[in-house]
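Below is one structure, written out as C-alpha coordinates, with a few remarks after it.
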Amino acid sequence: MSGMGDGYVGTAQDAVRIRRLEKQREAERRKIQELKAKTASAKGQPGLLQFGSSTSEILETAFKKETVGLVTREEYVEKRVNIRNKIEEEEKEKLQKLQQEEEELQLQKRRKRKIRGNSRLSFSDDFENGSDEDDDNKEPRKVGCGKLGKDPTVETSFLPDSEREAEEQAERERLKKQWLREQEQIRNEPLEITYSYWDGAGHRRVIQARKGDTIGEFLRTVQQQLAPEFREIRTTSVENLLYVKEDLIIPHQHSFYELIVNKARGKSGPLFHFDVHEDVRTIADATIEKDESHAGKVVERHWYEKNKHIFPASRWEIYDPTKKWERYTIHGD
(Lines give C-alpha, C1' and ligand atoms only; values in the text may rest on other atoms or scores of the structure.)
Protein backbone atom coordinates (compact mmCIF):
# COMPACT_ATOMS: atom_id res chain seq x y z
CA MET A 1 0.00 0.00 0.00
CA SER A 2 1.25 3.42 -0.89
CA GLY A 3 1.91 6.01 1.85
CA MET A 4 2.51 3.52 4.66
CA GLY A 5 5.98 4.90 5.31
CA ASP A 6 4.51 8.25 6.47
CA GLY A 7 2.25 6.59 9.16
CA TYR A 8 -1.30 5.34 9.09
CA VAL A 9 -3.89 8.09 9.84
CA GLY A 10 -7.07 6.06 9.36
CA THR A 11 -9.93 6.49 7.01
CA ALA A 12 -12.11 9.55 6.60
CA GLN A 13 -14.79 7.92 8.79
CA ASP A 14 -12.27 7.50 11.62
CA ALA A 15 -11.32 11.18 11.35
CA VAL A 16 -15.03 12.18 11.62
CA ARG A 17 -15.53 9.94 14.67
CA ILE A 18 -12.45 11.40 16.41
CA ARG A 19 -13.61 14.97 15.85
CA ARG A 20 -17.08 14.08 17.25
CA LEU A 21 -15.53 12.54 20.38
CA GLU A 22 -13.32 15.60 20.86
CA LYS A 23 -16.38 17.90 20.67
CA GLN A 24 -18.29 15.75 23.17
CA ARG A 25 -15.33 15.79 25.56
CA GLU A 26 -15.03 19.56 25.21
CA ALA A 27 -18.75 19.96 26.00
CA GLU A 28 -18.39 17.81 29.13
CA ARG A 29 -15.40 19.89 30.26
CA ARG A 30 -17.48 23.08 29.91
CA LYS A 31 -20.28 21.57 32.00
CA ILE A 32 -17.80 20.64 34.73
CA GLN A 33 -16.36 24.18 34.72
CA GLU A 34 -19.86 25.70 35.00
CA LEU A 35 -20.73 23.42 37.90
CA LYS A 36 -17.50 24.37 39.69
CA ALA A 37 -18.24 28.06 39.14
CA LYS A 38 -21.72 27.71 40.64
CA THR A 39 -20.48 25.89 43.73
CA ALA A 40 -17.70 28.44 44.16
CA SER A 41 -20.26 31.31 44.15
CA ALA A 42 -22.22 29.55 46.94
CA LYS A 43 -19.08 29.09 49.05
CA GLY A 44 -19.32 30.67 52.52
CA GLN A 45 -23.18 30.60 52.68
CA PRO A 46 -24.47 28.75 55.82
CA GLY A 47 -26.67 25.72 55.34
CA LEU A 48 -25.44 24.99 51.75
CA LEU A 49 -23.28 22.02 50.83
CA GLN A 50 -20.35 22.75 48.48
CA PHE A 51 -19.43 20.55 45.55
CA GLY A 52 -15.84 19.30 45.61
CA SER A 53 -15.44 19.32 49.40
CA SER A 54 -14.36 16.37 51.54
CA THR A 55 -15.48 13.09 49.90
CA SER A 56 -16.67 14.97 46.75
CA GLU A 57 -13.09 16.00 45.91
CA ILE A 58 -11.96 12.38 46.12
CA LEU A 59 -14.81 11.31 43.84
CA GLU A 60 -13.96 14.05 41.32
CA THR A 61 -10.31 13.02 41.34
CA ALA A 62 -11.26 9.39 40.87
CA PHE A 63 -13.50 10.40 37.93
CA LYS A 64 -10.63 12.22 36.24
CA LYS A 65 -8.35 9.19 36.68
CA GLU A 66 -10.95 6.85 35.29
CA THR A 67 -11.49 8.99 32.19
CA VAL A 68 -7.80 9.38 31.28
CA GLY A 69 -7.25 8.38 27.69
CA LEU A 70 -9.86 7.50 25.11
CA VAL A 71 -13.16 6.14 26.43
CA THR A 72 -16.39 5.56 24.66
CA ARG A 73 -19.29 7.96 25.07
CA GLU A 74 -21.35 5.34 26.89
CA GLU A 75 -18.59 4.68 29.43
CA TYR A 76 -18.05 8.38 30.00
CA VAL A 77 -21.74 9.05 30.63
CA GLU A 78 -22.07 6.03 32.92
CA LYS A 79 -19.07 7.04 35.02
CA ARG A 80 -20.34 10.62 35.23
CA VAL A 81 -23.79 9.52 36.37
CA ASN A 82 -22.30 7.26 39.03
CA ILE A 83 -20.12 10.07 40.39
CA ARG A 84 -23.09 12.48 40.45
CA ASN A 85 -25.31 9.98 42.28
CA LYS A 86 -22.65 9.50 44.95
CA ILE A 87 -22.30 13.26 45.39
CA GLU A 88 -26.09 13.73 45.67
CA GLU A 89 -26.33 10.95 48.25
CA GLU A 90 -23.55 12.57 50.27
CA GLU A 91 -25.30 15.97 50.18
CA LYS A 92 -28.63 14.40 51.13
CA GLU A 93 -27.07 12.71 54.16
CA LYS A 94 -25.49 15.98 55.31
CA LEU A 95 -28.80 17.84 54.87
CA GLN A 96 -30.67 15.23 56.92
CA LYS A 97 -28.07 15.46 59.65
CA LEU A 98 -28.38 19.27 59.80
CA GLN A 99 -32.18 19.07 59.96
CA GLN A 100 -32.00 16.57 62.80
CA GLU A 101 -29.60 18.80 64.74
CA GLU A 102 -31.91 21.80 64.20
CA GLU A 103 -34.95 19.86 65.46
CA GLU A 104 -33.08 18.78 68.59
CA LEU A 105 -32.06 22.38 69.26
CA GLN A 106 -35.65 23.65 68.91
CA LEU A 107 -36.90 20.88 71.21
CA GLN A 108 -34.42 21.90 73.91
CA LYS A 109 -35.53 25.54 73.62
CA ARG A 110 -39.20 24.56 74.02
CA ARG A 111 -38.38 22.53 77.14
CA LYS A 112 -36.61 25.49 78.72
CA ARG A 113 -39.51 27.88 77.95
CA LYS A 114 -42.01 25.38 79.36
CA ILE A 115 -40.08 25.06 82.63
CA ARG A 116 -39.77 28.85 83.01
CA GLY A 117 -43.47 29.39 82.25
CA ASN A 118 -44.58 26.91 84.91
CA SER A 119 -42.05 27.82 87.60
CA ARG A 120 -44.75 29.66 89.61
CA LEU A 121 -46.96 26.56 89.88
CA SER A 122 -46.82 24.30 92.90
CA PHE A 123 -46.00 21.34 90.68
CA SER A 124 -43.20 23.01 88.68
CA ASP A 125 -40.72 20.54 90.20
CA ASP A 126 -42.45 17.78 88.25
CA PHE A 127 -41.59 19.54 84.99
CA GLU A 128 -37.98 20.09 86.04
CA ASN A 129 -37.49 16.50 87.15
CA GLY A 130 -38.98 15.13 83.97
CA SER A 131 -37.27 17.53 81.58
CA ASP A 132 -34.48 15.02 80.86
CA GLU A 133 -36.88 12.30 79.72
CA ASP A 134 -37.10 11.40 76.07
CA ASP A 135 -40.19 13.13 74.61
CA ASP A 136 -40.15 10.83 71.59
CA ASN A 137 -41.01 7.83 73.80
CA LYS A 138 -43.42 9.68 76.11
CA GLU A 139 -46.47 11.77 75.31
CA PRO A 140 -46.30 15.42 76.46
CA ARG A 141 -47.92 16.28 79.78
CA LYS A 142 -51.40 17.72 79.31
CA VAL A 143 -52.37 20.41 81.76
CA GLY A 144 -56.11 21.03 82.00
CA CYS A 145 -57.47 24.46 81.21
CA GLY A 146 -59.17 26.61 83.82
CA LYS A 147 -58.01 27.55 87.31
CA LEU A 148 -54.70 25.72 87.66
CA GLY A 149 -53.63 24.72 91.12
CA LYS A 150 -56.86 25.80 92.88
CA ASP A 151 -57.56 24.02 96.16
CA PRO A 152 -61.33 23.36 96.39
CA THR A 153 -61.18 23.23 100.21
CA VAL A 154 -59.94 26.84 100.55
CA GLU A 155 -62.50 29.63 101.09
CA THR A 156 -62.28 31.99 98.08
CA SER A 157 -65.60 33.83 98.23
CA PHE A 158 -63.80 37.02 99.31
CA LEU A 159 -61.61 37.01 96.20
CA PRO A 160 -62.62 38.96 93.06
CA ASP A 161 -64.58 36.78 90.65
CA SER A 162 -65.97 38.43 87.54
CA GLU A 163 -68.31 35.53 86.77
CA ARG A 164 -69.75 35.40 90.29
CA GLU A 165 -70.09 39.20 90.42
CA ALA A 166 -71.93 39.19 87.08
CA GLU A 167 -74.34 36.53 88.36
CA GLU A 168 -74.93 38.44 91.60
CA GLN A 169 -75.53 41.68 89.68
CA ALA A 170 -78.05 39.93 87.40
CA GLU A 171 -79.83 38.49 90.45
CA ARG A 172 -79.97 41.93 92.11
CA GLU A 173 -81.45 43.45 88.96
CA ARG A 174 -84.05 40.68 88.79
CA LEU A 175 -85.08 41.15 92.43
CA LYS A 176 -85.19 44.94 91.97
CA LYS A 177 -87.54 44.66 89.00
CA GLN A 178 -89.71 42.17 90.86
CA TRP A 179 -89.90 44.49 93.90
CA LEU A 180 -90.81 47.48 91.73
CA ARG A 181 -93.61 45.49 90.08
CA GLU A 182 -94.96 44.46 93.48
CA GLN A 183 -94.83 48.03 94.79
CA GLU A 184 -96.64 49.29 91.71
CA GLN A 185 -99.38 46.74 92.35
CA ILE A 186 -99.63 47.96 95.97
CA ARG A 187 -99.92 51.59 94.83
CA ASN A 188 -102.86 50.67 92.60
CA GLU A 189 -104.73 48.89 95.39
CA PRO A 190 -107.95 50.64 96.52
CA LEU A 191 -108.02 52.47 99.85
CA GLU A 192 -111.15 53.48 101.78
CA ILE A 193 -110.61 56.69 103.76
CA THR A 194 -112.85 58.08 106.48
CA TYR A 195 -112.51 61.84 106.99
CA SER A 196 -114.41 64.81 108.40
CA TYR A 197 -114.84 68.20 106.78
CA TRP A 198 -114.08 70.51 109.71
CA ASP A 199 -115.56 74.00 109.82
CA GLY A 200 -115.96 74.12 113.58
CA ALA A 201 -118.05 71.00 113.50
CA GLY A 202 -117.36 67.63 111.93
CA HIS A 203 -119.06 66.42 108.72
CA ARG A 204 -117.94 62.82 108.37
CA ARG A 205 -117.59 61.26 104.94
CA VAL A 206 -116.10 58.13 103.36
CA ILE A 207 -114.28 58.24 100.03
CA GLN A 208 -112.44 55.77 97.78
CA ALA A 209 -108.82 56.45 96.75
CA ARG A 210 -105.70 54.53 95.81
CA LYS A 211 -102.74 53.82 98.07
CA GLY A 212 -100.44 55.55 95.57
CA ASP A 213 -102.44 58.80 95.55
CA THR A 214 -100.81 61.91 96.99
CA ILE A 215 -102.53 64.10 99.58
CA GLY A 216 -103.08 66.73 96.88
CA GLU A 217 -104.85 64.21 94.61
CA PHE A 218 -106.96 63.04 97.59
CA LEU A 219 -108.02 66.63 98.41
CA ARG A 220 -109.06 67.23 94.80
CA THR A 221 -111.38 64.21 95.03
CA VAL A 222 -112.69 65.45 98.39
CA GLN A 223 -113.44 68.87 96.87
CA GLN A 224 -115.48 67.23 94.11
CA GLN A 225 -117.40 65.23 96.73
CA LEU A 226 -118.12 68.21 99.02
CA ALA A 227 -118.68 70.92 96.39
CA PRO A 228 -122.40 70.22 95.86
CA GLU A 229 -123.07 70.57 99.60
CA PHE A 230 -120.71 73.32 100.79
CA ARG A 231 -120.52 76.59 98.87
CA GLU A 232 -117.17 77.65 100.37
CA ILE A 233 -115.62 74.41 99.04
CA ARG A 234 -116.88 75.13 95.52
CA THR A 235 -115.15 78.53 95.43
CA THR A 236 -111.81 77.54 96.97
CA SER A 237 -108.83 75.78 95.38
CA VAL A 238 -107.14 72.52 96.33
CA GLU A 239 -104.06 74.47 97.51
CA ASN A 240 -106.22 76.14 100.17
CA LEU A 241 -107.34 72.81 101.65
CA LEU A 242 -105.45 71.05 104.45
CA TYR A 243 -105.50 67.39 105.49
CA VAL A 244 -104.92 66.86 109.21
CA LYS A 245 -104.32 63.31 110.46
CA GLU A 246 -103.61 62.52 114.14
CA ASP A 247 -102.92 66.24 114.84
CA LEU A 248 -100.36 66.53 112.03
CA ILE A 249 -100.87 68.58 108.85
CA ILE A 250 -99.74 66.32 105.98
CA PRO A 251 -98.17 68.30 103.08
CA HIS A 252 -99.70 67.75 99.65
CA GLN A 253 -96.62 66.03 98.12
CA HIS A 254 -96.71 63.04 100.48
CA SER A 255 -98.63 59.91 99.47
CA PHE A 256 -100.66 57.37 101.42
CA TYR A 257 -98.22 54.70 100.15
CA GLU A 258 -95.36 56.53 101.84
CA LEU A 259 -97.21 56.73 105.15
CA ILE A 260 -98.19 53.05 105.00
CA VAL A 261 -94.74 51.71 104.03
CA ASN A 262 -92.93 53.78 106.67
CA LYS A 263 -95.61 53.07 109.30
CA ALA A 264 -95.60 56.77 110.11
CA ARG A 265 -96.74 57.86 113.57
CA GLY A 266 -98.71 60.96 114.52
CA LYS A 267 -99.17 62.74 117.83
CA SER A 268 -102.40 60.95 118.73
CA GLY A 269 -102.33 57.79 116.61
CA PRO A 270 -100.86 55.98 113.59
CA LEU A 271 -100.80 57.70 110.20
CA PHE A 272 -101.05 54.43 108.25
CA HIS A 273 -104.65 53.57 109.30
CA PHE A 274 -107.36 55.56 107.51
CA ASP A 275 -110.47 54.04 109.02
CA VAL A 276 -111.92 54.82 112.46
CA HIS A 277 -111.63 52.39 115.32
CA GLU A 278 -111.19 52.61 119.10
CA ASP A 279 -109.31 50.53 121.62
CA VAL A 280 -111.95 48.21 123.08
CA ARG A 281 -109.81 46.33 125.58
CA THR A 282 -111.69 45.46 128.78
CA ILE A 283 -108.54 45.49 130.90
CA ALA A 284 -106.29 48.51 130.74
CA ASP A 285 -102.58 47.81 130.35
CA ALA A 286 -100.23 50.79 130.38
CA THR A 287 -97.39 48.70 128.96
CA ILE A 288 -99.32 48.11 125.72
CA GLU A 289 -99.96 51.03 123.40
CA LYS A 290 -103.57 51.80 122.55
CA ASP A 291 -104.71 50.76 119.09
CA GLU A 292 -106.90 53.68 118.02
CA SER A 293 -107.37 55.44 114.71
CA HIS A 294 -109.17 58.77 114.33
CA ALA A 295 -110.77 60.23 111.24
CA GLY A 296 -108.60 62.74 109.42
CA LYS A 297 -109.85 66.31 109.07
CA VAL A 298 -110.15 68.39 105.90
CA VAL A 299 -110.13 72.14 106.67
CA GLU A 300 -109.73 75.36 104.77
CA ARG A 301 -106.43 77.15 105.25
CA HIS A 302 -108.35 80.38 106.02
CA TRP A 303 -110.24 78.68 108.88
CA TYR A 304 -106.99 77.22 110.30
CA GLU A 305 -105.16 80.59 110.28
CA LYS A 306 -108.14 82.14 112.08
CA ASN A 307 -108.50 79.42 114.74
CA LYS A 308 -105.01 77.97 115.23
CA HIS A 309 -104.79 79.37 118.76
CA ILE A 310 -107.91 77.44 119.79
CA PHE A 311 -108.15 73.71 120.53
CA PRO A 312 -107.96 71.41 118.60
CA ALA A 313 -106.10 73.50 115.95
CA SER A 314 -103.65 74.62 118.65
CA ARG A 315 -102.26 71.03 118.74
CA TRP A 316 -101.70 70.79 115.01
CA GLU A 317 -98.25 71.03 113.48
CA ILE A 318 -96.62 70.27 110.12
CA TYR A 319 -95.72 66.62 109.51
CA ASP A 320 -91.95 66.00 109.56
CA PRO A 321 -90.88 62.46 108.46
CA THR A 322 -87.65 62.77 110.48
CA LYS A 323 -89.46 63.52 113.74
CA LYS A 324 -90.47 60.46 115.77
CA TRP A 325 -93.38 60.36 118.21
CA GLU A 326 -92.60 57.78 120.88
CA ARG A 327 -96.08 57.83 122.49
CA TYR A 328 -99.52 59.04 121.56
CA THR A 329 -101.24 61.90 123.41
CA ILE A 330 -104.73 63.30 123.17
CA HIS A 331 -104.50 66.55 125.13
CA GLY A 332 -101.73 69.09 125.68
CA ASP A 333 -98.49 69.04 123.69
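The figures here come from the full heavy-atom set of this structure, side chains too, leaving out hydrogens, waters and symmetry mates. Nothing fancy with the numbering, it's 1 onward along the sequence. Just so it is clear, the structure is predicted and the values come from calculations on it, not from any experiment.
Between V298 and L219 the shortest side-chain heavy-atom distance falls below 4.5 Å. A heavy-atom distance below 4.5 Å is not found between the side chains of Q185 and N188. The shortest distance between side-chain heavy atoms of Y195 and K297 does not fall below 4.5 Å. Taking the side chain as every heavy atom from C-beta outward, V206 and I193 never approach each other to under 4.5 Å. The closest side-chain heavy-atom distance from V261 to F272 is not below 4.5 Å. When side chains are defined from C-beta on, L241 counts as touching Q223, because their heavy atoms get closer than 4.5 Å. Counting heavy atoms from C-beta outward, E300 and N240 have side chains that stay 4.5 Å or more apart.
A salt bridge links E171 with R174: the closest approach of a Lys/Arg side-chain nitrogen to an acidic carboxylate oxygen falls below 4.0 angstrom. A salt bridge between R29 and E26 is present, with a side-chain N of the basic residue lying under 4.0 Å from a carboxylate O of the acidic one.
Both L242 and I318 are members of a single hydrophobic cluster when ILVMFWY side chains are connected at heavy-atom separations under 4.5 Å. The cluster map of Ile, Leu, Val, Met, Phe, Trp and Tyr, joined by side-chain heavy atoms under 4.5 Å apart, puts F256 and L248 in the same cluster. Put simply, V299 and V222 are part of two different groups of oily side chains (I, L, V, M, F, W, Y) that touch within less than 4.5 Å, one to the next. Linking ILVMFWY side-chain heavy atoms closer than 4.5 Å, directly or via other members, places F311 and W198 in two distinct hydrophobic clusters.
For residues 223-248, every residue pair satisfying the ring-ring contact (aromatic ring centres under 6.0 Å, His included) rule, not counting sequence neighbours, is listed here: Y197-F230, H203-F230, F218-Y243.
To the nearest 0.5 Å, the span separating NZ on K245 from CG on L271 amounts to 7.0 Å.
Smallest separation of non-hydrogen atoms from R315 and K267: O-NZ, 2.9 Å.
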N/O donor-acceptor pairs under 3.5 Å from side chains in residues 98-105, not counting sequence neighbours:
residue	atom	partner	partner atom	Å
E102	OE2	Q106	NE2	3.1

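With 3.5 Å as the limit, one finds a donor-acceptor pair spanning the side chains of R172 and Q169.
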